[in-house]
Amino acid sequence: MNSTPASTAVHDAPLLTVADSLRDPRYYLVNFENVLTWVSERYNDLLDDDERDFITRFQGLPVASKALLVRMVMRKGEHFRLDRLNYDEIGDIDAALAPLIEQGLVDNSPCLTLDRLFDLFTRDELVGLFRDHLPRPRDRKALLKEALAPTFDQALVPEAWAAAAGRAMVADVVCLTVMPVCERLRLMFFGNLRQQFSEFVLADQGIYRFEVVPFTPDSRAFQSRADIERYWQIHDCRERFEAGGDMDEVLAALPECIGDSVWLEARRGRVIHAIARHCERQGELVRAAELYGHSGQAEARIRRIRVLERLGEHQPALALCTAAQHAPASEAERQQAARIQPRLHRALGMAKPLSQADAPVRRCDLALPRSGSVERTVREHLDSPEAPVFYVENTLINALFGLLCWEAIFAPLPGAFFHPFQSGPADLMRPEFYLQREQLFQRCLARLEEGTWRETIQQRYREKQGIQSPFVHWGALDDELLSLALECLPPAHLRAWFERLLTDIRANRAGMPDLIRFYPQAPEGTSRYEMIEVKGPGDRLQDNQKRWIAFCARHDMPVTVCHVRWQSEEGAS
DNA sequence: TCCTCGTTTG
DNA sequence: TTCACACCGTCCT
DNA sequence: GACGGTGTGTCTCAAACGAGGATT
Ligand SMILES: [Mn+2]
Ligand SMILES: [Mn+2]
C-alpha cells in the first residue's frame with residue numbers, strides 16, 4: 001500500500017483523492033486539486049490575498065481550462081506557444097484558454113525579450129522572422145542571437161516583434177501570470193522547492209514509494225507567514241546569486257538575521273557562505289572574511305582563517321586557529337586547523353609545533369592491467385569464492401544503519417512528517433535530530449547486543465524493499481551482500497559506526513572505503529572482513545576518508561589502502 | 001543524416 | 001542533486 | 001604537500017520526442 005501514499009498516509013485527516021493515473025487522462029488535475037484542498041485546509045490562517053484569490057478563480061473555471069492551466073504550470077517556464085499546447089484530454093485550446101485570459105491567469109499578449117523569443121522558436125523559424133536583419137543566416141542559433149541583440153534589445157509584445165522584424169509571427173504566444181503563486185502553494189505543500197508536482201504521478205505508479213508515517217491533520221511545513229516569506233526570499237536570493245546577480249543586491253534582499261528559526265537562519269547562513277566563497281575567489285578577501293563571520297556556518301571559521309592568512313594577518317589567523325583547535329566544531333575542523341597551524345607558526349617565526357602523524361594504515365600495492373574504473377578493477381582482482389569483494393563505498397554501512405534504525409528514523413514525531421512524499425523526516429539534517437529520538441535509536445541499537453539485529457535487518461530489508469530512505473539505496477543491496485555483511489560484521493563495530501553516524505549525519509555518511517571483503521570461512525572470533533580503500537595513481541586520501549580510517553584504527557577495525565599502478569602494455573615492468 | 005541533450009509524459 | 005575521482009595549476013618548503 | 005578549481009561519472013524513473021549541431 002506504500003505505492004498509494006495518498007490513500008493511507010493521513011491519519012485522522014481527510015484523504016487525498018487518489019488519481020487513477022492509468023485511467024483518468026486528467027490525473028494531473030486531480031493531483032493539483034488535491035494540493036489546493038490540502039493547502040486550503042492546513043494553511044487557512046496563513047494564506048495571503050493572492051493565494052486565496054487564485055484558489056477562488058481556479059475553482060470557478062471550466063474543467064478544460066483548469067486542466068490546461070495545470071499542464072502549463074507543470075511545464076518548464078511561463079511562456080508557451082499555442083501550437084505547442086496539444087492535449088487530447090483538453091481538446092480545443094482556444095476554448096480552454098479564453099476563461100484563463102478572462103480571469104487574468106494567462107496573458108495572451110506578453111512582453112518577450114529576444115532571449116525568450118529564442119527559447120520559444122526554432123532556429124529556422126527565427127531565420128524566417130529576421131530574414132532581413134541577419135547577415136549570416138547559416139550561423140549557429142547562439143550567434144544569430146548575438147547578431148540581433150544590439151538592435152532588438154527591447155522586450156516587445158508579439159505583434160510588435162512582427163512589426164519590428166517586418167514578418168508575421170509563426171505562432172501565438174501566451175504567458176502564465178500565476179507561476180509565482182503556484183510555486184508558493186508548492187512550497188507550502190512540500191515544505192521545500194526541490195520536489196515537483198510530478199511526485200504525485202510517480203507515487204501513484206509505484207515508481208516512488210514512501211514510508212507511511214501517521215501525522216495529525218494540522219501538520220504542515222510552515223507555522224507562520226513570516227517563515228514562508230523568508231524561505232521564499234532566501235531561495236530567491238540563492239537563485240539570483242547563482243545566476244550571477246549582483247552581490248550587493250542579493251545581500252540586501254536577504255532577510256535580517258532570523259532569531260526565531262534555527263532552520264531558516266541556517267538556510268540564510270548557507271547563502272551568505274556561498275557569497276563569501278565567491279568573494280574569496282574574486283580576491284575580495286576582506287569582504288569575504290566579514291561575510292563568513294555573518295554566515296553562522298561551522299565551516300566558516302576555517303575559511304576565515306584561510307582568508308586572514310592570505311591577507312597576511314597571521315596573528316589574528318593564529319588566534320582563530322587556536323580557538324578552533326581548542327574547541328573544534330567538528331572532526332573536519334580539527335583536521336584542517338591542525339594542518340594550518342604549522343604554517344601560521346612558521347610565518348610568525350614561532351617554534352615548530354609537534355605534529356601528530358596520521359595513524360598508520362595497512363597498505364598494499366598492486367600493478368594491474370589498465371581497464372575501466374580502478375575500484376572495479378581491484379574488486380575483480382581480489383574477488384574470490386572464499387573471500388568475496390563488493391564495491392560498496394558508503395552504501396553498505398548506511399543501509400545497515402537505515403534498516404536497523406528504520407523505526408527511529410521514521411518515528412512520527414510532531415513536525416517531522418507533514419506530507420505523503422517524504423523520503424525521511426524533515427529535521428534529519430538538523431542538529432537536534434538525534435537528541436529528539438535518543439531513546440528510539442538506543443532501542444534499535446540495543447538489538448546489536450540482544451542478538452536480534454540480524455533478524456531485524458533482514459526483516460526490514462524484506463518488508464521495506466524499495467521504500468525511499470535517506471540511508472538505504474536499494475539498488476546497491478542484494479541478498480548475498482546483506483547475508484555476508486550480517487554474518488561477518490561484528491555487532492560492536494556496527495554500533496561504533498552507527499553512533500558515529502548519529503553524531504553528525506551529514507559529515508559521517510560519506511568517506512567510507514570503496515571495497516569490502518568478507519571472509520565467511522574464517523573462524524569465529526577472528527576478523528572476518530576487511531575494508532579496502534582503492535587509490536589509483538595520482539589520487540590521495542581525502543579528508544573524510546582519513547577521518548574514517550582514523551576512526552577505524554581507534555576501534556581496531558581492519559582497513560587497508562590499496563595503491564594501484566597501471567601495468568604498461570608491453571609488460572615492461 | 002546521425003547523435004546528443006533537454007523536455008515532456010504517465 | 002550527491003559523492004568520489006582525475007587532473008590541472010599555484011604556492012611553498 | 002597543501003590548496004583550490006574544473007570536469008567527469010554515477011546516480012537518475014524510463015521512454016519518447018524534438019531541436020540543434022555535428023557528421024557524412
Ligand atoms: Mn571511492
Ligand atoms: Mn578510492
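In what follows, every heavy atom counts, from backbone to side chain, and hydrogens, waters and symmetry copies are set aside. All chains are named by letter (A, B, ...) in the order of the sequence lines, taking the proteins before the strands, and each is independently numbered beginning at 1.
- Within the nucleic acid shown, A:Arg84 comes within 4.0 Å of sugar-phosphate atoms alone, with no base atom in reach, counting heavy atoms only.
- At a threshold of 4.0 Å, the pair A:Asp543-A:Arg547 does not count as salt-bridged, since none of the basic side-chain nitrogens sits closer than that to a carboxylate oxygen.
- Comparing the P positions of D:dT6 and D:dT10 gives an interatomic distance of 23 Å, to the nearest angstrom.
- At the heavy-atom level, A:Gly475 lies nowhere under 4.0 Å from the strands shown.
- Contacts of A:Arg71 with the nucleic acid, taken as non-hydrogen atoms under 4.0 Å apart, involve only primed sugar atoms and P, OP1 or OP2.
- Remark: A:Lys535 is in phosphate contact with C:dC5, judged by side-chain N or O atoms under 4.0 Å from OP1 or OP2.
- Between A:Gln336 and D:dA2 there is no side-chain N or O to OP1 or OP2 distance below 4.0 Å.
- Contact check on A:Glu183 versus A:Arg186 returns a salt bridge, with a Lys/Arg side-chain nitrogen under 4.0 Å from an Asp/Glu carboxylate oxygen.
- Along DNA chain C, the nucleotide closest to A:Val534 and the one closest to A:Arg346 are compared, and the more 5′ of them pairs with A:Val534.
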A:Arg306 and A:Glu280: CA distance, side-chain angles, deciding distance, salt bridge (charged side-chain N to carboxylate O under 4.0 Å, His left out) verdict: CA-CA 10 Å; A:Arg306 283 285 298 136; A:Glu280 195 184 342; 5.5 Å; no

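- The nucleotide whose nearest atom lies closest to any side-chain atom of A:Arg140 is, among C:dC3, B:dT8, D:dA22, D:dA22.
- A:Arg194 has its CZ atom 13 Å from the C1' atom of D:dT12, to the nearest Å.
- At whole-Å resolution of the value, CG in A:Asp539 and P in C:dA6 are 4 Å apart.
- The OH atom of A:Tyr28 sits 13 Å away from the C1' atom of B:dT8 (whole-angstrom rounding).
- Only the C1' atoms considered, D:dT12 is 16 Å distant from B:dT8, to the nearest whole Å.
- Whole-Å rounding puts the A:Glu533 CD to C:dC3 C1' distance at 12 Å.
- At the phosphate of C:dC5, OP1 or OP2 sits under 4.0 Å from a side-chain N or O atom of A:Gln542.
- Comparing the P positions of B:dG6 and D:dG5 gives a spacing of 25 Å, expressed to the nearest Å.
- Aromatic ring centroids of A:Phe32 and A:Phe197 lie under 6.0 Å apart.
- Contact annotation: A:Arg138 side-chain N/O to D:dG21 OP1/OP2 distance is not under 4.0 Å.
- Picking from D:dG5, C:dA4, D:dC13 the nucleotide with the shortest atom distance to the side chain of A:Tyr208 gives D:dC13.
- The side chain to side chain contact (heavy atoms under 4.5 Å, CB included) test with A:Arg339 is passed by exactly one of A:Arg343, A:Gln336, A:Gln341: A:Gln336.
- In this structure, C:dC12 forms no base pair with any nucleotide, since neither Watson-Crick nor G-U wobble geometry is met with both distances under 3.5 Å.
- What separates CG of A:Asp83 from C1' of D:dC17 is a distance of 16 Å, to the nearest Å.
- When the nucleotides B:dT8, D:dC13, D:dC3 are ranked by their closest atom to the side chain of A:Arg343, D:dC3 comes out on top.
- Atom name P, nucleotides D:dA15 and C:dT1: the rounded distance is 24 Å, in whole Å.
- For the OP1/OP2 pair of B:dT8 and a distance below 4.0 Å, the side-chain nitrogens and oxygens of A:Arg75 include at least one atom meeting the criterion.
- The side chain of A:Asn394 places no N or O atom within less than 4.0 Å of a non-bridging phosphate oxygen (OP1 or OP2) of C:dT2.
- Contact check, A:Arg306 against D:dC3: no side-chain N or O comes under 4.0 Å of OP1 or OP2.
- Using a 4.0 Å heavy-atom distance criterion, A:Asp119 is classed as making no nucleic acid contact.
- The residue A:Asp124 sits apart from the nucleic acid: no heavy atom pair falls under 4.0 Å.
- At a threshold of 4.0 angstrom between heavy atoms, the contacts of A:Glu309 with the nucleic acid are absent.
- Counting non-hydrogen atoms under 4.0 angstrom, A:Arg303 reaches the backbone sugars and phosphates but no base.
- Under the Watson-Crick or G-U wobble criterion, with both distances below 3.5 Å, D:dT10 has no partner in any strand shown.
- Distance A:Phe80 CZ to B:dT8 C1': 11 Å, rounded to the nearest Å.
- A donor-acceptor pair under 3.5 Å is formed between the side chain of A:Glu533 and the backbone N or O of A:Asp514.
- You'll find that the side chain of A:Thr122 is closest to D:dA19, out of D:dC3, C:dC5, D:dA19.
- Between the P atom of B:dG10 and the CG atom of A:Leu202 lies a distance of 12 Å, rounded to the nearest Å.
- Between the A:His345 side chain and the A:Ala351 main chain, a donor and an acceptor come within less than 3.5 Å of each other.
- For A:Asp514, counting side-chain heavy atoms from C-beta on, the closest listed nucleotide (D:dG20, C:dA4, B:dT9) is C:dA4.
- The phosphate of C:dC3 has OP1 or OP2 within less than 4.0 Å of a side-chain N or O from A:Arg509.
- Counting to the nearest Å, the P atom of D:dC3 and the CD atom of A:Gln335 are 10 Å from each other.
- The residue among A:Gly538 and A:Glu393 whose nearest nucleotide of DNA chain C lies closer to the 5′ end is A:Glu393.
- A:Tyr391 comes within 4.0 angstrom of nothing in the nucleic acid, heavy atoms only.
- Using modelled atom types, one side-chain atom of A:Asn394 and one backbone atom of A:Met512 make a donor-acceptor pair closer than 3.5 Å.
- Using atom C1' as the reference point in both D:dG7 and B:dG10, the two lie 34 Å apart (nearest Å).
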